[in-house]
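Report on one structure; see the data block that follows.
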Amino acid sequence: MRRFSFDIICKFSFEIDIECFIPYFPESKLADSFNLASKLLVQRAMSPLPNIWKLKQLLNIGSEKKLKEAIGVVDNVIVEMIGQRRRDIATTTTGLNKSDLLSRFMGSIKDDN
């Protein structure tokens with residue numbers, strides 16, 4: 001079910017098919033990192049002592065270090081997708097005609113950051 005959900009999110013948000021839903025395909029690094037980041041963020045939100053995760057974040061240790069790495073992987077993939085989408089837009093005469101969330105968002109801003 002988790003693979004199906006991630007596949008749908010990627011298709012709707014970025015108009016890419018990572019084929020994560022196919023059971024015999026290995027999970028992608030993006031899917032693994034997204035899943036880990038989601039899990040760690042939920043654990044952080046459920047923490048009875050918020051100062052503990054803040055300290056771990058400050059020291060860059062434990063789950064906060066893993067979270068930072070997982071978000072870095074997801075961020076790198078999305079930055080790569082934005083760059084590819086910008087190149088696609090620049091080479092086509094029709095411009096931005098896709099209806100996925102990434103394209104809509106990119107159409108409303110000028111700065112990729």
Side-chain angles (χ1 to χ4, degrees):
M1 192 59 153
R2 183 175 49 86
R3 286 177 155 213
F4 175 72
S5 298
F6 188 73
D7 209 31
I8 296 300
I9 288 169
C10 287
K11 185 67 175 167
F12 180 72
S13 301
F14 309 117
E15 204 171 270
I16 60 168
D17 189 4
I18 61 169
E19 297 177 333
C20 193
F21 182 55
I22 301 172
Y24 55 85
F25 271 37
E27 286 197 32
S28 69
K29 189 166 179 111
L30 174 62
D32 290 340
S33 296
F34 185 85
N35 185 45
L36 178 61
S38 298
K39 177 182 164 188
L40 292 173
L41 286 170
V42 167
Q43 287 175 353
R44 179 198 275 183
M46 300 296 286
S47 174
L49 302 170
N51 292 334
I52 299 294
W53 71 259
K54 289 179 183 180
L55 180 63
K56 288 166 69 173
Q57 183 181 42
L58 180 67
L59 299 174
N60 195 31
I61 59 173
S63 59
E64 290 299 314
K65 181 178 181 178
K66 290 178 187 176
L67 176 60
K68 185 177 181 179
E69 291 168 354
I71 290 174
V73 170
V74 173
D75 191 43
N76 288 339
V77 171
I78 291 175
V79 166
E80 189 177 305
M81 279 190 270
I82 290 171
Q84 181 61 45
R85 192 68 54 92
R86 287 276 182 221
R87 288 187 292 277
D88 291 347
I89 292 168
T91 59
T92 62
T93 57
T94 58
L96 189 63
N97 286 331
K98 295 187 176 204
S99 60
D100 59 284
L101 290 176
L102 178 61
S103 297
R104 288 176 184 236
F105 185 69
M106 287 175 61
S108 67
I109 61 168
K110 299 298 179 208
D111 183 16
D112 290 344
N113 293 325

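What's counted below: heavy atoms across the whole structure, side chains too, no hydrogens, waters or symmetry copies.
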**Report entry** Residues which pass side-chain hydrogen bond (donor to acceptor under 3.5 Å, both in side chains) with Q84, listed by chain and number, not counting sequence neighbours
**Finding:** R87, D88
Requested in this report: List the steps, then state whether side chain to side chain contact (heavy atoms under 4.5 Å, CB included) holds for K54 with N51.
Outcome: CA-CA 5 Å; K54 289 179 183 180; N51 292 334; 4.3 Å; yes
Report task. Keeping the roles fixed (side chain from N76, backbone from G72), state whether a donor-acceptor pair exists under 3.5 Å. Result -> yes
Could you grab the distance from atom [atom1] of [X] to atom [atom2] of [Y], nearest 0.5 Å is fine?
X	Y	atom1	atom2	answer
K65	K56	NZ	NZ	13.0 Å
L41	K39	CG	NZ	12.5 Å
E64	R44	CD	CZ	4.0 Å
L30	M81	CG	CE	6.0 Å
L49	L55	CG	CG	11.5 Å
K66	L40	NZ	CG	7.5 Å

Query - ILVMFWY cluster membership beyond M46 - transitive side-chain contacts under 4.5 angstrom - result: V42
Query raised in the report: Cluster question for you: counting only ILVMFWY and a side-chain heavy-atom cut-off of under 4.5 Å, with indirect links fine, are L36 and V74 together?
Result: no
Query raised in the report: Is F34 reachable from I78 through a run of I, L, V, M, F, W or Y residues, each pair having side-chain heavy atoms under 4.5 Å apart?
Result: yes
